[in-house]
Amino acid sequence: MFTSVSPLSASADIQQDLFEAIEALKQELNAIILAHYYQEPDIQDVADYIGDSLGLSQKAAETDADVIVFAGVHFMAETAKILNPNKLVLLPDLNAGCSLADSCPPEQFARFKATHPNHVVVSYINCTAEIKALSDIICTSSNAVKIVQQIPLDQPIIFAPDRNLGRYVMHQTGRDLVLWEGSCMVHEIFSEKKLVQLRMEYPQAEIVAHPECEEPVLRHAHFVGSTTALLKYVQNSPRDQFIVVTEPGIIHQMQKQMPDKLFIPAPPNHSCACNECPHMRLNTLEKLYLAMKNRQPEVTLSESTRVAALRPIQRMLEMSA
Ligand code: 13P
Ligand code: SF4
């Protein structure tokens, strides 16, 4: 006689098997799993460390694991490889790119830089290793203001590639920055109009937003910060309702850590229901398991680019200590 297995319990079993297999591979490989907050919830749940771009770089710089499994996008895993040339760095899906990094092609940026001699180049970490190699200092959304503030006032600055973070830094520091006109496809599609309507439905809610959003959206925010900063803010706020204006993967951590608070994802300006980053979401738990099992796909880069890209990353780590 047949006993039927419901599809739901079958998929829960598969998920449990994957969790266990990943744990075993972690021991076998002496691996660490680093995950960004925009990864799917299952991946966040197997990670050894979840963080924003600065936290992930700091963790990658200090780990003594032999293998770094990077659950994030390519520029993040590439940064880990730049810091760890002798470690195996795995990315579950090598196609996990970034529209912001793609919006700054190295040849065009080199020409742009040449037209602004005597400028210091501060680049947001969301860029390729080639752009990092053309930069003087790297920054992330959590330290961009602090880093620009440490540069002498008479020193002209190019800020690349995110024009929205650049404008936010200009606003916070009062500095005039020469901006590269790049942007993130996820953070630019939040609708100011729908955000205002949503706030009218939840008048007690605080709005927390990522600085990659456009200025008209940021103007409505009670707090602007990196993903880690947003998480800390909602932890410390006495409010219990928040409209979250960034990729909704972060809501998994918020809800997990604060089950009694309400987190509402901000609406995009299209009819699709959510703002998930299509690049981040290319990684899945199964691909992560296969990457560990097969020791690939591996992130690699030329030694000359790596060495040139390392210097501005090290400057960032020193300047944010
Ligand atoms: P942070 O997590 O550093 O705030 O970056 C957000 C982001 O867009 C990563 O791609
Ligand atoms: Fe790139 Fe934006 Fe996706 Fe972050 S959210 S990986 S900046 S496209």
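Counting starts at 1 for both ligands and their atoms, in listed order.
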J.: Using a cut-off of 2.8 Å, how many protein N, O or S atoms lie below it in distance from atom 3 (Fe) of ligand 2?
T.: 1
J.: Applying salt bridge (charged side-chain N to carboxylate O under 4.0 Å, His left out), which residue pairs with at least one partner in residues 109-138 are found, sequence neighbours left out?
T.: none
J.: Would Arg167 and Glu215 pass as an ion pair if we require N to O under 4.0 Å?
T.: no
J.: Check each atom of ligand 1 against the heavy atoms of Glu212 and keep those under 4.0 Å away; list them by number with element.
T.: 6 (C), 7 (C), 8 (O)
J.: Heavy-atom distance under 4.5 Å between the side chains of Tyr37 and Glu247, does that happen here?
T.: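 They are not in side-chain contact.
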J.: Hey, what do you get for CZ (Phe70) to CG (Leu90), rounding to the nearest 0.5 Å?
T.: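 Answer rounded to 0.5 Å: 12.0 Å.
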J.: Less than 4.0 Å between a side-chain N and a carboxylate O, is that true for Glu28 and Arg295?
T.: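 So Arg295 pairs with Glu28 through a salt bridge.
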J.: List ligand 1 atoms under 4.0 Å from Ser226, heavy atoms only on the residue side.
T.: 4 (O)
J.: Out of all atoms in ligand 1, which are within 4.0 Å of some heavy atom of Ser53? Include the element for each.
T.: 1 (P), 2 (O), 3 (O), 5 (O)
J.: Measure the distances from the heavy atoms of Glu212 to every atom of ligand 2 and state whether one is below 4.0 angstrom.
T.: yes
J.: Taking Arg306 first and then Glu78, would you say they form a salt bridge - that is, a charged N and a carboxylate O separated by under 4.0 Å?
T.: no
J.: In terms of side-chain heavy atoms, does Glu206 have a donor or acceptor partner in His222 at a distance below 3.5 Å?
T.: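 Note: Glu206 and His222 side chains miss the donor-acceptor criterion.
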J.: Pull out every atom of ligand 1 sitting under 4.0 Å from any heavy atom of His210, numbered as shown with elements.
T.: 1 (P), 4 (O), 5 (O), 6 (C)
J.: So that I can tick it off, tell me whether Asp45 and Lys256 are bridged by a salt bridge, with the cut-off set at under 4.0 angstrom between side-chain N and carboxylate O.
T.: yes
J.: Could you tell me whether Tyr38 approaches ligand 1 through its side chain, its backbone, both or neither, with non-hydrogen atoms closer than 4.0 Å?
T.: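 Side chain only.
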J.: Would you call the rings of His119 and His116 parallel, tilted or perpendicular, where under 30° means parallel and over 60° means perpendicular?
T.: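 Answer is perpendicular, since the angle exceeds 60°.
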J.: Which of the atoms in ligand 1, numbered in the order shown and given with their element, are less than 4.0 Å from a heavy-atom of His36?
T.: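 Going through ligand 1 atom by atom, the ones under 4.0 Å from His36 are 1 (P), 2 (O), 5 (O), 6 (C), 9 (C).
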J.: Which ligand 1 atoms, with their elements, are less than 4.0 angstrom from a heavy-atom of Met76?
T.: 9 (C), 10 (O)
